[in-house]
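Everything numeric in this text was worked out from a predicted model, so none of it was measured.
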Amino acid sequence: MKVATYNVNGVNGRLPVLLRWLEEAQPDVVCLQELKAPVERFPLLAIEQAGYGAIWQGQKSWNGVAILARGATPIETRRRLPGDELDLHSRYLEAAVDGILIACLYLPNGNPAPGPKFDYKLEWFERLIAHGQGLLDSDLPVIMAGDYNVMPTDLDVYKPERWLGDALFRPEVREAYRRVVDQGWTDALRSIHPDERIYTFWDYFRNVYGRDAGLRIDHLLLAPAVAKQLASAGVDRHVRGWDKSSDHALTWIVLK
DNA sequence: ATGTCACGTTGAACGTGA
């Protein structure tokens with residue numbers, strides 16, 4: 001079983017890239033973030049024609065998340081991260097696929113920091129920690145996949161000293177990410193490749209991709225029951241070089 | 001500070017978020 005996460009950065013604008021990758025990689029489950037489309041503009045027909053069922057949560061212009069499953073429709077279990085009824089951003093979606101609970105999340109960027117957007121990011125993290133604990137307590141096989149907007153360590157940044165004050169790398173968010181992992185989650189990419197420089201995002205600016213000045217901010221966190229089944233993990237970084245690509249690449253795992 | 005995108009309000013630029 002192959003499970004992937006992809007910040008698509010506009011599901012309609014990037015649709016050819018998404019469909020090309022689905023055909024090439026044949027994933028079983030895909031978590032998408034940053035649809036940047038309202039509910040009614042999700043390209044369900046094209047995705048169904050590619051052989052996938054989908055559930056999604058849209059929002060005009062910003063955010064938006066979806067879960068795709070090959071030959072099946074994910075069974076939705078939740079479409080909000082609990083803990084704040086006033087949070088209207090479309091950033092969380094949860095569903096069962098083939099006996100595994102898939103949480104698709106798009107954590108707030110948080111810049112500029114400090115400020116209200118950074119506070120919102122930290123609050124969102126607290127809610128994720130609370131909900132994540134509940135998921136672990138359930139003993140279900142769970143994957144929390146998505147754009148966490150956090151580089152966990154120096155190894156995940158091309159030039160750490162340049163990012164110290166940024167909302168993606170400030171000590172508070174690294175600490176929050178660590179608190180999630182320390183609950184008992186396995187960072188799939190890091191567990192398979194403990195010492196390797198692996199990036200999942202390259203900015204559009206200044207030939208950043210060509211210079212490999214990347215960041216690792218897209219993560220798949222595995223509950224113990226799933227971590228036991230982890231066979232391989234990687235990033236399809238070549239997709240970032242395709243025409244009209246998202247600034248993120250596809251990050252995936254294969255389970256035994 | 002800068003740089004590059006997508007999406008929206010609009011009707012060719014500009015604001016916003018990233």
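Rounded to the nearest Å, the gap between the P atom of B/dA13 and that of B/dA1 is 28 Å. Spacing of P atoms, B/dG3 relative to B/dG15, comes out at 16 Å, to the nearest Å.
Under the salt bridge (Lys or Arg N to Asp or Glu O under 4.0 Å) criterion, the residue pairs touching residues 132-158 of chain A are A/Asp156-A/Arg190, A/Asp156-A/Arg216, with sequence neighbours excluded. Annotation: salt bridge (Lys or Arg N to Asp or Glu O under 4.0 Å) contacts involving residues 108-132 of chain A, sequence neighbours excluded, comprise A/Asp87-A/Arg127, A/Glu126-A/Arg179.
Distance CZ (A/Arg162) to C1' (B/dG3): 13 Å, rounded to an integer number of Å. The distance between atom CZ of A/Phe205 and atom C1' of B/dC5, rounded to the nearest whole Å, is 8 Å. Distance A/Asp166 CG to B/dT2 C1': 15 Å, rounded to the nearest Å. Rounded to an integer number of Å, the gap from A/Lys121 NZ to B/dG17 P is 16 Å. Distance CG (A/Asp203) to C1' (B/dG17): 12 Å, rounded to an integer number of Å. Residue A/Leu107 contributes atom CG, which lies 14 Å from atom C1' of B/dA18 at whole-angstrom precision. As a whole-Å value, the separation of A/Asn149 CG from B/dA18 C1' is 8 Å. Between the CG atom of A/Asn111 and the C1' atom of B/dG3 there is a distance of 15 Å, given to the nearest Å.
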Check nucleotides 6-8 of chain B for protein N or O atoms closer than 3.5 Å to its own N or O atoms and list the pairs.
from  : atom 1 : to      : atom 2 : distance (Å)
B/dA6 : OP1    : A/Arg14 : NH1    : 3.0

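Looking at residues two or more places apart in sequence or on another chain, you find a side chain to side chain contact (heavy atoms under 4.5 Å, CB included) between A/Lys256 and A/Ala231. Under the ring pair (Phe, Tyr, Trp, His ring centres under 6.0 Å) criterion, A/Trp21 pairs with no residue, sequence neighbours left out. Applying the ring pair (Phe, Tyr, Trp, His ring centres under 6.0 Å) test to A/Trp202 and every residue at least two apart in sequence or in another chain returns A/Tyr209. Residues satisfying the side chain to side chain contact (heavy atoms under 4.5 Å, CB included) test with A/Asp247, not counting sequence neighbours, are A/Asn9, A/Phe201, A/Tyr204, A/Arg240. Taking A/Glu172 as the reference, nothing meets the side-chain hydrogen bond (donor to acceptor under 3.5 Å, both in side chains) condition, with sequence neighbours excluded. Scored by the ring pair (Phe, Tyr, Trp, His ring centres under 6.0 Å) test, A/His193 finds no partners at all (sequence neighbours excluded).
The other residues sharing a hydrophobic cluster with A/Trp252 are A/Val254, where clustering joins ILVMFWY side chains under 4.5 Å apart.
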When Watson-Crick pairs (N1 to N3 and N6-O4 or O6-N4) and G-U wobble pairs (N1-O2 and O6-N3) count only below 3.5 Å on both distances, what is the dot-bracket string of DNA chain B, with | for other-strand pairs? ...((((((...))))))

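Using a 4.5 Å heavy-atom threshold, the side chains of A/Asp236 and A/Tyr6 count as separate.
Residue contacts for A/Tyr106: at a heavy-atom cut-off of 4.0 Å it reaches the sugar-phosphate backbone alone, with no base atom in range.
Ion pairing between A/Asp28 and A/Lys2 fails under the 4.0 Å rule for side-chain N and carboxylate O.
Contacts of residues 206-220 of chain A with DNA chain B (heavy atom under 4.0 Å): A/Arg206.
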